[in-house]
Structure formats: structure tokens, C-alpha cells
Amino acid sequence: MKKCSIILTIAIIFSTLFSFTYADTNQANTTTQNVSISFKIGDEVLKINGNEVKVVKPYAVNGNTLVPLRVITEAFGADVKWEPSDNSITITYSNVSIRLILKNTEAVINGQKINMAVAPVAINGTTMVPLRFITENFGAEVSFNNDTKEIIVTKELVSDDSITDFSELLKRSTKERIGDSYYNWSVELPAGFDLYSRSSTGNTIVFSTPDEDKYLYISIVNRTNETLDYIWQNEALATIAANETILENKIVDINGTQFNRIVYKDDEGIYERRVYIAGDKIYSLGFGVYDISLKNTDGYKKILDSFKLTFTDEAITEDFADVDSDGYRVYKSEDLKFTFKVPAEWTEWDNGKENSITYYDMNSSNSLLFNELTFNMYSKGSILTLNDWVAKQKQIIADEYNTSLVKLIDEERINVNGVDCATLTKTIRYNNELVYYIDAFLVGENYRYQLSIMMSAEDYHNTAYKAKIDTILNSIEISEPNVSDAGSLYDPIEVLTKNKLYEVTGTANQWSYKVPMSWSKVTTSNPNTEFLYKDIYSEIMFAFLSRSESNAKLIEFYEEVVDDAEKTGSFKNIDQEVLYEKGATIYKYTNSIIGEDSTQTEYYYIIDKGGKSYVTYFIIDNIRKSDKNLKLIEDMWNSIILN
């Protein structure tokens with residue numbers, strides 16, 4: 001375990017052990033700090049940040065998983081530099097640089113040499129690299145789900161968006177201890193330590209010396225039914241035992257408080273982790289000291305022994321809680337001049353955008369996803385008044401959504417801290433659940449603001465839960481920044497409604513088609529796919545492929561795939577027909593793709609013209625099957641020209 005990786009990873013130790021991995025419905029850009037990878041050994045389809053990606057199959061060597069380098073670059077947005085002269089690869093992400101050499105177990109991390117358990121290799125032109133070594137040095141956590149048999153990599157940016165400057169608070173403090181009255185803990189802070197990082201919800205906090213030779217961390221996660229033995233035997237101990245020398249591991253009782261204590265070392269230092277269980281929370285406490293003799297550990301043990309699962313004496317304890325008496329935190333953007341309250345138990349998800357903030361209620365009754373809150377700030381653009389915005393939103397619902405599944409059920413005007421506000425409430429019928437969406441709109445002099453909250457029907461009809469939503473809404477305060485400072489803040493929804501088509505032409509003008517200018521081109525690993533496009537929310541897709549197989553073989557293969565897929569119950573062929581258009585014979589298949597939350601419709605075409613074979617398909621989520629979007633798909637199909 002090396003210093004450069006410990007300080008990067010310490011803030012997320014245990015913060016993801018007992019929580020669910022969720023996919024962001026807005027498909028966040030992979031260059032953000034939030035990373036999620038999940039897959040099974042031998043699978044060629046992985047989920048990278050919520051997207052299914054087909055890659056060369058990962059495999060294991062002596063317990064070490066190797067994955068294509070592409071998995072790392074797509075998940076983390078890392079930069080890669082190849083050096084053919086010595087077969088070296090330099091992978092750079094954030095402030096970490098890792099240099100690898102093919103078939104060599106020696107790596108260099110930020111200038112420090114370290115040996116890996118397995119070397120990177122090139123197989124048929126694909127570079128395979130050790131997953132755990134790279135991702136953990138990038139600050140991610142690697143775990144194994146025994147139920148699904150999946151390997152899961154997670155990383156969440158640790159940030160401080162509180163209105164309190166805790167780093168400055170710590171420097172000014174003259175108190176003996178620090179703690180958190182909301183999470184109910186306190187500890188004696190060693191002299192000379194600074195605040196290294198604090199999560200926005202305060203459940204993970206890390207202190208370190210300026211030279212990062214020593215660190216102290218406290219992390220709190222929700223508990224279900226875990227015991228101390230389960231946590232350490234099935235999670236932390238197994239990981240530590242594989243990489244470090246364990247000096248001690250036992251259940252300890254100090255003044256009636258039990259915890260699991262594990263002490264371990266490597267060639268750089270000595271480390272201790274302690275885990276406590278109190279009510280519905282799991283508390284993890286850790287200390288690390290580099291370049292220390294094993295005979296001189298009394299100092300850090302004294303600090304750890306001072307940890308208490310209580311916060312009682314404000315006279316001697318600096319409070320790192322930022323929760324008010326009603327159980328809310330305040331999110332404040334100093335640069336963009338807005339604030340709003342969020343329930344203390346909700347978790348922030350950083351999407352890398354200053355003008356867009358998302359929180360999840362991890363304890364919600366929503367069976368599809370967690371209840372979600374998103375606050376967006378945009379330049380006014382073409383929206384000049386509140387009435388303009390409301391009218392446009394209602395038109396978007398009518399134009400972009402299937403009104404049999406998406407219904408506007410309420411509209412209200414209120415005043416929020418002196419600013420006129422309009423709210424629209426709609427429901428969306430997913431496969432087996434009705435979900436409620438409340439959107440609040442406020443318009444200032446130069447900017448406009450939107451608060452969107454998604455919740456289950458059960459929570460929407462719960463009086464206490466609705467009171468929380470009202471508190472959030474009525475807490476919004478805006479005092480606009482200077483335009484010269486904040487600049488223009490672009491609203492992507494305005495792109496979604498612009499369906500002007502532009503033409504794409506194939507090699508030697510053999511074919512052409514038109515796609516909306518607002519759609520993005522998607523990189524695909526299928527060598528036969530000429531182009532794959534999707535709309536801004538990835539709910540409508542279009543692909544065009546040139547194929548070398550004969551038309552008969554394509555049809556035979558596709559119908560076999562359809563038959564196999566129908567047996568799973570998640571796929572159903574609705575219609576088949578033969579068309580004679582574009583001077584070609586066209587086999588059209590209309591299919592239903594049934595997901596966990598929603599159902600999609602696929603229009604799949606196998607085209608035979610002049611001995612050449614083409615495949616094109618459209619996929620649209622049924623929620624987006626409005627007359628306008630179905631007309632768009634028809635226009636795109638009609639635009640295809642085969643010469």
C-alpha cells in the first residue's frame with residue numbers, strides 16, 4: 001500500500017461497501033469524477049458508468065483481473081500516451097500518473113516504482129491491464145458481489161459544498177476534540193493535522209499532516225443487518241489479507257464499547273482500522289503512519305482510543321455537523337449565488353457541473369431508482385418570462401412524450417422568498433410503477449432556475465414526505481451573479497426540441513441519410529457499424545450498418561437471435577413485413593424490448609439492394625413515443641438513400 005494511493009482512496013473506504021450502485025438516468029459524461037464499472041469474468045459486455053459497452057472479455061490470472069485498457073479510459077476519462085520504443089503506456093487521471101510496460105510487472109506511480117502482481121499484455125491488438133491496481137490508484141474501490149458474481153468498481157468524488165468552511169474552522173479552533181453532533185461521534189485530533197477532505201454530507205472526513213505522512217479518517221454508512229464479524233471477514237479483512245501483513249485482528253471492548261480492530265503493515269508504514277456498530281450506522285475509524293518503527297505506535301493508539309460514539313461537550317469539541325435543528329443541510333453556491341436546503345440524509349451525486357446539482361434519497365420507497373432532486377441554473381436564453389417557460393415546458397410534454405404514459409396532473413403559482421415560482425406536477429407510468437415529478441421554475445433578471453424532484457407514488461402521497469419537498473422548495477434563495485463573472489449557462493433541453501436534420505453521406509456516395517443536428521454520434525466497437533446516433537437523453541437511437549454477409553444469412557441469423565431473445569421474456573417480436581422501397585427488398589421487424597423499468601420499441605430493417613446488404617434500426621423508449629418523435633423516425637427512414 002503506497003502513500004500516493006492511500007490518501008486518494010481513504011475518503012471512500014467503506015463509503016460504498018453496503019450501498020447500492022445506481023445508474024444515472026441522465027447519462028453523465030464519463031470525464032466526471034464519479035465512476036462505476038460492473039461485469040462478470042468472461043463477459044464481453046460491461047457496464048461503464050451506466051452504459052453497456054462491448055469489449056474483449058476480461059479474464060483472471062492468479063486471482064488478478066485483467067481488462068481492456070479501453071475500460072479504464074472510458075470509465076475515468078483518463079488520458080493515455082503510448083511509447084512504441086519501449087512498449088510503455090502512461091495513463092493519467094486527475095493528479096495520478098501510472099506508467100506501465102507490456103509484459104513487465106514494474107510500474108511507476110507519480111515517479112515511485114512499485115511491483116504489480118501481474119503484468120499488462122497485448123492480445124490481438126488489445127492491451128489488457130490489471131484492473132484493481134489501476135483503479136485503486138485512481139482512488140476507486142473494487143469489490144465483489146457474491147450474489148451476482150460481479151466485480152464492481154466505484155468511485156465518488158469527495159467534496160465540500162457546505163456553507164461552512166471546515167478547513168478554516170479547524171485552523172481557528174482551540175478546542176481539544178472534533179466531532180459531529182448529527183452523526184454523534186467525537187475524537188481527539190492530533191496536533192499538526194489539517195482537513196484533507198470532507199464529503200458534502202459529512203459522512204466521510206479525512207485529516208492528514210501537510211506532508212501526508214499521517215492520516216486519520218472517519219466514515220459512516222447505513223447498516224442493514226451486518227455484524228462486526230461479517231463486515232471484516234467478508235469485506236475488509238479479505239482485502240487487507242491479500243495485500244498486507246496483518247499484525248492483529250480481534251474484537252476489542254473499551255469502556256463497554258465494542259469494535260473490531262485490525263492492525264497491518266507494509267514496507268512503507270503501519271495502519272489500523274476500527275469498525276463500530278451503533279443503531280443503524282456503521283462507523284469506520286482509521287489511522288495510517290508512514291516510515292514508523294513498530295515499537296513506536298502508542299501515539300496513534302491514544303488518538304484512536306479517544307474515539308467516542310457520542311457528542312456531548314461543545315465546550316471542548318469542535319462540531320463538524322452542518323445540519324440544522326430541523327434536519328436539513330444548506331447547499332450554497334458562492335459563485336452562482338443560490339442556496340437551498342436538503343434533508344441531511346440525502347446523498348449528493350457530483351455530475352461535474354457547477355450549475356447542476358443532484359441529490360438522491362437512498363432510503364426512498366422508489367423501487368426503480370432512488371428519489372432524486374436536481375437543481376439547474378441556466379441563462380435566460382429565449383425564455384424571457386415565467387409564463388414563457390411554463391408554456392414551453394407544457395409544449396415539451398405534449399411534443400416529446402407519450403401522453404398515455406406521461407400526464408400533467410397539476411399546475412400552481414407560488415412565491416418563493418420574494419420570487420414568483422410556477423410548479424408543474426406530472427406522472428410517468430413505467431412498467432410496474434407510477435412515478436411523480438414536481439418541477440419548479442423561477443426566472444430572474446439574467447438567469448432562470450429549475451428544481452426537479454422525482455419520487456415514488458407512495459412518497460408523493462405521504463404527508464410527512466411532501467412536507468420535506470415543500471421545505472426544499474420554499475428554501476430556495478437566489479441573488480444573481482454578474483453575467484461577466486458567471487457567463488452563459490447553457491440549457492441542453494433547448495437542443496432536444498430542435499429536430500432540424502442534416503445529411504450524412506457514406507463512402508463513394510453509396511448511401512446517405514439524415515439525422516437531427518441535436519443528436520450525438522456514439523462510438524461503437526462494432527466494426528460494421530458505420531454510424532450510431534442518440535438523442536440527448538439516450539431514449540431514441542438510430543444505427544446504420546454496412547454488412548458483408550448475404551441478405552439470406554443476415555435474416556437467418558437475426559431471426560435466430562429474436563427466437564433466443566423471446567425465450568428470456570424480455571424481448572418480443574410484434575410484427576414482420578417485407579417492403580419494396582428505395583429500389584430494394586427490405587425485411588422490417590418491429591420488436592418490444594422489455595426492461596426492468598421501461599419498455600422500448602425497436603424498428604429493425606435488413607436491406608438487400610444490388611447484392612449489397614445493409615442494416616438499420618431505430619430504438620425508442622415507449623415513454624418518448626409521441627406523434628412528433630414517431631414522425632421524426634419516419635422522416636429519418638424516408639431520408640435514407642441507397643445508390
Side-chain angles (χ1 to χ4, degrees), residues 43-45 51-57 501 503-515 519 521-535 538-595 598-622 624-625 629-643:
D43 279 0
E44 62 181 8
V45 177
N51 298 314
E52 289 192 353
V53 178
K54 188 175 181 180
V55 299
V56 174
K57 294 179 181 179
L501 303 179
E503 187 172 76
V504 178
T505 303
T507 307
N509 294 319
Q510 291 183 353
W511 47 260
S512 68
Y513 53 77
K514 295 180 179 180
V515 294
W519 285 24
K521 185 178 177 182
V522 182
T523 301
T524 172
S525 58
N526 188 334
N528 294 313
T529 301
E530 300 282 357
F531 292 103
L532 175 64
Y533 294 90
K534 65 178 182 179
D535 80 330
S538 301
E539 292 172 339
I540 312 176
M541 299 185 70
F542 164 70
F544 187 89
L545 302 81
S546 297
R547 302 302 296 261
S548 57
E549 299 94 330
S550 69
N551 205 53
K553 286 186 176 180
L554 280 174
I555 294 171
E556 180 183 2
F557 174 75
Y558 183 71
E559 291 185 350
E560 287 178 359
V561 170
V562 169
D563 288 341
D564 290 340
E566 285 190 313
K567 294 174 184 177
T568 68
S570 61
F571 190 94
K572 183 178 181 180
N573 176 247
I574 300 172
D575 189 31
Q576 298 182 25
E577 56 183 318
V578 180
L579 308 175
Y580 299 97
E581 301 178 10
K582 307 178 187 300
T585 301
I586 302 168
Y587 294 81
K588 179 183 178 182
Y589 301 82
T590 303
N591 306 306
S592 184
I593 304 171
I594 305 165
S598 63
T599 299
Q600 299 173 318
T601 299
E602 176 188 59
Y603 305 101
Y604 198 94
Y605 300 84
I606 299 176
I607 306 168
D608 180 19
K609 182 172 184 179
K612 295 179 181 178
S613 296
Y614 304 92
V615 170
T616 189
Y617 62 83
F618 300 88
I619 298 177
I620 181 170
D621 195 296
N622 285 359
R624 295 290 304 283
K625 284 179 70 174
N629 286 330
L630 291 176
K631 177 65 165 54
L632 172 63
I633 289 176
E634 182 182 359
D635 290 344
M636 292 172 65
W637 166 251
N638 289 334
S639 74
I640 296 175
I641 298 175
L642 303 172
N643 295 322

Engineer: How about Phe542 and Trp519: are their ring centres within less than 6.0 Å of each other?
Structural biologist: no
Engineer: Return the CG to CG distance between Asp635 and Leu630, rounded to the nearest 0.5 Å.
Structural biologist: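 Interatomic distance, Asp635 CG to Leu630 CG, rounded to 0.5 Å: 11.0 Å.
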Engineer: Indicate yes or no: does Arg624 engage Asp535 in a salt bridge with an N to O separation below 4.0 Å.
Structural biologist: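 The answer is yes: the pair qualifies as a salt bridge.
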Engineer: Measure the spacing between CG of Asn622 and CD1 of Ile594 and express it to the nearest 0.5 Å.
Structural biologist: 9.5 Å
Engineer: Would you say Ile540 and Ile619 make side-chain contact, with heavy atoms under 4.5 Å?
Structural biologist: no
Engineer: Are the aromatic ring centres of Tyr589 and Tyr558 under 6.0 angstrom apart?
Structural biologist: yes
Engineer: Are any non-hydrogen side-chain atoms of Val515 and Leu501 less than 4.5 angstrom apart?
Structural biologist: no
Engineer: Please name the pair of heavy atoms, one in Ser613 and one in Ser550, separated by the smallest distance, quoted to 0.1 Å.
Structural biologist: OG-C, 3.8 Å
Engineer: Please lay out, stage by stage, how Glu44 and Val56 fare under the test side chain to side chain contact (heavy atoms under 4.5 Å, CB included).
Structural biologist: CA-CA 6 Å; Glu44 62 181 8; Val56 174; over 6 Å; no
Engineer: Ignoring hydrogens and geometry, is there a side-chain-to-backbone donor-acceptor pair from Asn573 to Asp575 under 3.5 Å?
Structural biologist: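 Yes; at least one donor-acceptor contact below 3.5 Å.
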Engineer: Which distance, rounded to the nearest 0.5 Å, do you find between the CD of Glu577 and the CD1 of Ile586?
Structural biologist: 10.0 Å
Engineer: Do you know the tightest heavy-atom contact between Asn551 and Ile607?
Structural biologist: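 Here Asn551 and Ile607 meet closest at OD1-O, 3.5 Å.
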Engineer: Is there side-chain contact between Ile574 and Asn591, with at least one heavy-atom pair below 4.5 Å?
Structural biologist: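 No, every pair of side-chain atoms sits at 4.5 Å or beyond.
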Engineer: Taking side chain as C-beta onward, heavy atoms only, is Val53 less than 4.5 Å from Val55?
Structural biologist: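 Yes, side chains in contact.
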Engineer: Is there a donor-acceptor pair under 3.5 Å between the side chain of Lys521 and the backbone N or O of Leu532?
Structural biologist: no
Engineer: Quick one: are Phe571 and Val562 in side-chain contact, heavy atoms under 4.5 Å?
Structural biologist: yes
Engineer: Hey, is OH on Tyr603 packed in by over 12 heavy atoms from elsewhere, all under 6.0 Å?
Structural biologist: yes
Engineer: Would you mind reporting whether Gln576 and Lys588 have side-chain heavy atoms less than 4.5 Å apart?
Structural biologist: no
Engineer: OH/Tyr614 to NZ/Lys609 distance, rounded to the nearest 0.5 angstrom?
Structural biologist: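 Reported to 0.5 Å precision, the distance equals 8.0 Å.
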Engineer: What is the distance from atom CG of Asp43 to atom NZ of Lys54, rounded to the nearest 0.5 Å?
Structural biologist: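 Going from the CG atom of Asp43 to the NZ atom of Lys54 covers 12.0 Å.
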Engineer: Taking only Lys NZ, Arg NE, NH1 and NH2, and the carboxylate oxygens of Asp or Glu, determine whether Lys514 and Glu503 approach each other closer than 4.0 Å.
Structural biologist: no
Engineer: Hey, could you give me the CD/CE distance between Gln600 and Met541, rounded to the nearest 0.5 Å?
Structural biologist: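 Interatomic distance, Gln600 CD to Met541 CE, rounded to 0.5 Å: 9.0 Å.
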Engineer: Phe618 vs Tyr605 aromatic rings, parallel, tilted or perpendicular, using cut-offs 30° and 60°?
Structural biologist: perpendicular
Engineer: Output yes when a side-chain donor or acceptor of Asn638 lies under 3.5 Å from a complementary backbone atom of Glu634, and no otherwise.
Structural biologist: yes
Engineer: If you count the non-hydrogen atoms of other residues, nucleotides and ligands that lie under 6.0 Å from NZ in Lys57, is the total more than 12?
Structural biologist: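 No, not enclosed.
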Engineer: Mind telling me whether Tyr513 and Tyr533 have parallel, tilted or perpendicular rings, with 30° and 60° as the class edges?
Structural biologist: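 Tyr533 vs Tyr513 ring planes: perpendicular.
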Engineer: Any side-chain donor-acceptor pair under 3.5 Å between Asp608 and Thr585?
Structural biologist: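 No pair is found: no donor N or O on one side chain lies under 3.5 Å from an acceptor on the other.
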Engineer: Any sub-3.5 Å donor-acceptor pair from Thr616's side-chain atoms to Ala543's backbone N or O?
Structural biologist: yes
Engineer: Give a yes/no verdict on a cation-pi contact between Lys582 and Trp637, requiring under 6.0 Å between NZ or CZ and the six-membered ring centre and an angle within 45° of the axis.
Structural biologist: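 The answer is yes, since Lys582 meets both limits relative to Trp637.
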Engineer: Give the C-alpha distance, both sets of side-chain angles, the deciding distance and a yes or no for side chain to side chain contact (heavy atoms under 4.5 Å, CB included) between Tyr587 and Leu579.
Structural biologist: CA-CA 6 Å; Tyr587 294 81; Leu579 308 175; over 6 Å; no
